[in-house]
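First up is the structure itself, then whatever we jot down about it.
As the structure is a computational prediction, the values presented were derived from the model and not from experiment. Counting convention: from 1, in listed order, for ligands and their atoms alike.
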Amino acid sequence: KNLVHAVIDGPLVIIGLGSIGRGVLPLIERHIRLTDRDSFIVIEPSDEFAHILKRHGIRHLRKALTPENYEATLRSLFPTKKSDAGGGGVGGENGMIVNVSVNVDSVAVMSLAQKLGVLYVDTVIEPWPGVYFGSKLSNAERSNYALRENMREAGRKYRGGTTAVSGCGANPGMISWLMKEALLRLARDTGVDLSSSNPVTREDWARLAMTLGVKGVHVAERDTQVSSRPKPPGVFVNTWSVDGLLCEGYQPAELGWGTHERRLPRTGHRHVFGPGHGIWMDRPGGDTRVRSWVPGVGPQLGLLITHNESLSIADYYTVREEEVGTTSPNGGGGRVVYRLTCHYAYHPCNDCILSLYETNGSGVLPVKKHILTAEEIVSGNDDLGVLLYGHARGAMWYGSRLSIDETRRLVPYQNATGLQVTSAILAAMVWAIENPRVGFVEADEMDHVRCLQIQRPYLGSVECHYTDWTPLRDRINSFSEEEDRDESDPWQFTNFLTR
Ligand code: NAD
């Protein structure tokens with residue numbers, strides 16, 4: 001249980017001591033050996049939780065990183081690097097940056113990590129302030145598609161550089177590893193023989209999804225955690241970063257766009273730049289609902305909040321056929337013959353649903369914010385998985401069902417939502433140490449077997465559920481004008497979307 005998975009021989013710098021930063025500390029202490037514990041530092045502008053650092057003997061640099069100070073600040077924390085720029089040492093000997101803050105630009109810090117030769121892990125592609133709110137950028141430019149294309153473009157400069165894991169929490173992150181387990185399970189359950197063709201490369205995995213006839217995947221989540229105290233009016237309550245949720249909730253709704261889709265939703269737009277695997281909708285994800293399905297509850301409405309994995313998974317599970325006369329050195333060319341649709345269908349905790357209702361009603365961002373702690377929560381689960389649909393068995397949910405009670409037994413300072421994230425960060429840190437020279441990388445591109453091996457003790461029950469549910473199935477009375485139904489194929493995106 002307390003297995004040491006890896007060693008870091010240089011400084012470990014955590015940026016941000018929010019709900020995730022606090023939660024990851026005990027996992028690091030349990031599973032990663034730091035030979036230079038004096039250079040374990042947390043950069044965090046607030047001192048609200050400084051007592052936790054004191055209790056663990058971890059240094060606190062009380063500072064907000066900005067475009068002006070981040071480079072000098074981080075450089076000063078890695079003074080003893082052993083190799084030249086760009087040459088991260090095996091076993092994390094040059095140290096590591098784990099960025100779990102808001103408002104600190106991921107690509108800026110990832111690029112600096114390349115120059116310093118240190119490993120890097122984050123859970124989301126975060127920009128400096130000014131992109132999410134009050135921006136002059138168009139909605140298309142504020143999309144996660146744009147943020148991710150920017151990250152991928154920056155990463156092309158650093159192929160083979162020090163490993164920098166982008167977007168590796170629960171989702172984005174773990175969900176991409178569960179996706180692969182789910183595909184293998186579906187292959188087994190539908191009699192697809194993989195004995196001579198076990199998927200290895202990206203192309204293999206994409207072809208497997210195509211062979212299985214998977215039309216799409218929801219990242220289908222239900223958070224049933226409840227507090228003993230009713231939510232006070234005017235306070236935005238969530239089980240993880242309120243700021244993070246507000247940022248993504250007021251980006252445009254967004255999804256990876258499959259080849260089986262016949263019609264854009266009414267407010268849907270294609271991108272005019274980049275490879276074009278996603279679409280965005282001219283409305284906020286935090287006020288856009290889709291029909292979905294999770295175990296325990298069954299059919300539910302989820303929020304179509306944009307997420308990195310909606311794009312990365314659709315991009316990863318794309319099959320291209322080479323056209324005569326084209327060259328495609330890295331699988332980037334050729335006609336797209338298959339892609340699955342991918343999007344989030346998120347039912348956050350009830351207090352968060354109510355908070356969003358209030359915020360959408362007021363039209364003003366909340367001032368008072370609160371993240372529910374493990375001590376306040378009296379019951380509930382975070383059930384987070386992939387819902388693969390459109391294949392021979394209809395729909396299948398595969399994922400982690402983690403209760404607050406089990407979370408409390410396993411580890412301090414976090415609720416069930418947090419533990420699914422922090423255990424994925426732990427897995428990403430270990431994987432980065434074991435694979436120190438792959439440059440910028442996303443969860444889809446990492447070894448899901450190894451990562452889940454590290455993470456699984458913290459995921460509660462990992463379950464597979466088949467269902468005959470479709471988004472056309474149940475309605476209370478019929479209001480045809482309210483829907484954009486396609487009866488000929490239940491798995492069209494427009495059937496999931498509610499107006
Ligand atoms: P949080 O809001 O609880 O904490 C964020 C912390 O960042 C705060 O303590 C804040 O003071 C600090 N911070 C703000 N500005 C800073 C700056 N300029 N420099 C340094 N620190 C700064 O958030 P959280 O719940 O801990 O989440 C942290 C990050 O992880 C967020 O970006 C969130 O979106 C992301 N996240 C990802 C997943 C996933 O599954 N991939 C899940 C949860 C959270």
Should P45 be listed as contacting ligand 1, given a heavy-atom distance under 4.0 Å as the test?
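In this structure, P45 qualifies as a contact of ligand 1 - some heavy atom is under 4.0 Å.
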What residue and heavy atom of the protein are closest to [atom], and at what distance?
atom: atom 41 (N) of ligand 1; value: T123 O, 2.9 Å
atom: atom 44 (C) of ligand 1; value: W240 CE3, 3.6 Å
atom: atom 19 (N) of ligand 1; value: L65 N, 2.9 Å
atom: atom 28 (C) of ligand 1; value: V100 O, 3.2 Å

Are [X] and [Y] close enough for a salt bridge, meaning some N to O gap below 4.0 Å?
X: E181; Y: R185; value: no
X: R148; Y: E254; value: no
X: R37; Y: E29; value: yes
X: E358; Y: K368; value: no

Number the atoms of ligand 1 from 1 as they appear, then name those within less than 4.0 Å of a heavy atom of G18, with their elements.
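This gives 1 (P), 3 (O), 4 (O), 6 (C), 9 (O), 26 (O) as the contact atoms.
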Can you list the ligand 1 atoms lying under 4.0 Å from a non-hydrogen atom of I371?
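Near I371, meaning under 4.0 Å from one of its heavy atoms, ligand 1 has 3 (O).
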Looking only at N/O atoms, are [X] and ligand 1 under 3.5 Å apart anywhere?
X: S101; value: yes
X: I20; value: yes
X: V102; value: yes
X: S46; value: no
X: S19; value: yes
X: V421; value: no
X: S241; value: yes

Quick one: CG on L388 to CG on L183, what's the gap to the nearest 0.5 Å?
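L388 CG to L183 CG: 5.5 Å, rounded to 0.5 Å.
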Can you tell me which portion of T417 lies within the under-4.0 Å heavy-atom range of ligand 1? Options are side chain, backbone, both, or neither.
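The answer is neither; T417 stays 4.0 Å or more away.
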Only one of N381, N238, T239 forms a side chain to side chain donor-acceptor pair (under 3.5 Å) with D223, so which one is it?
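Only match with D223 under side chain to side chain donor-acceptor pair (under 3.5 Å): T239.
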Side-chain heavy-atom pair [X], [Y] within 4.5 angstrom cut-off:
X: E126; Y: Y132; result: yes
X: R202; Y: E445; result: no
X: F236; Y: L365; result: no
X: I14; Y: I28; result: yes

Proximity winner for [atom], if only heavy atoms of [options] are counted:
atom: atom 17 (C) of ligand 1; options: N69, N171, T422, V104; answer: V104
atom: atom 6 (C) of ligand 1; options: Q414, K369, E44, R22; answer: E44
atom: atom 40 (O) of ligand 1; options: G244, G167, A170; answer: A170

Stepwise side chain to side chain donor-acceptor pair (under 3.5 Å) check, T163 with N435:
CA-CA 7 Å; T163 297; N435 300 271; over 6 Å; no
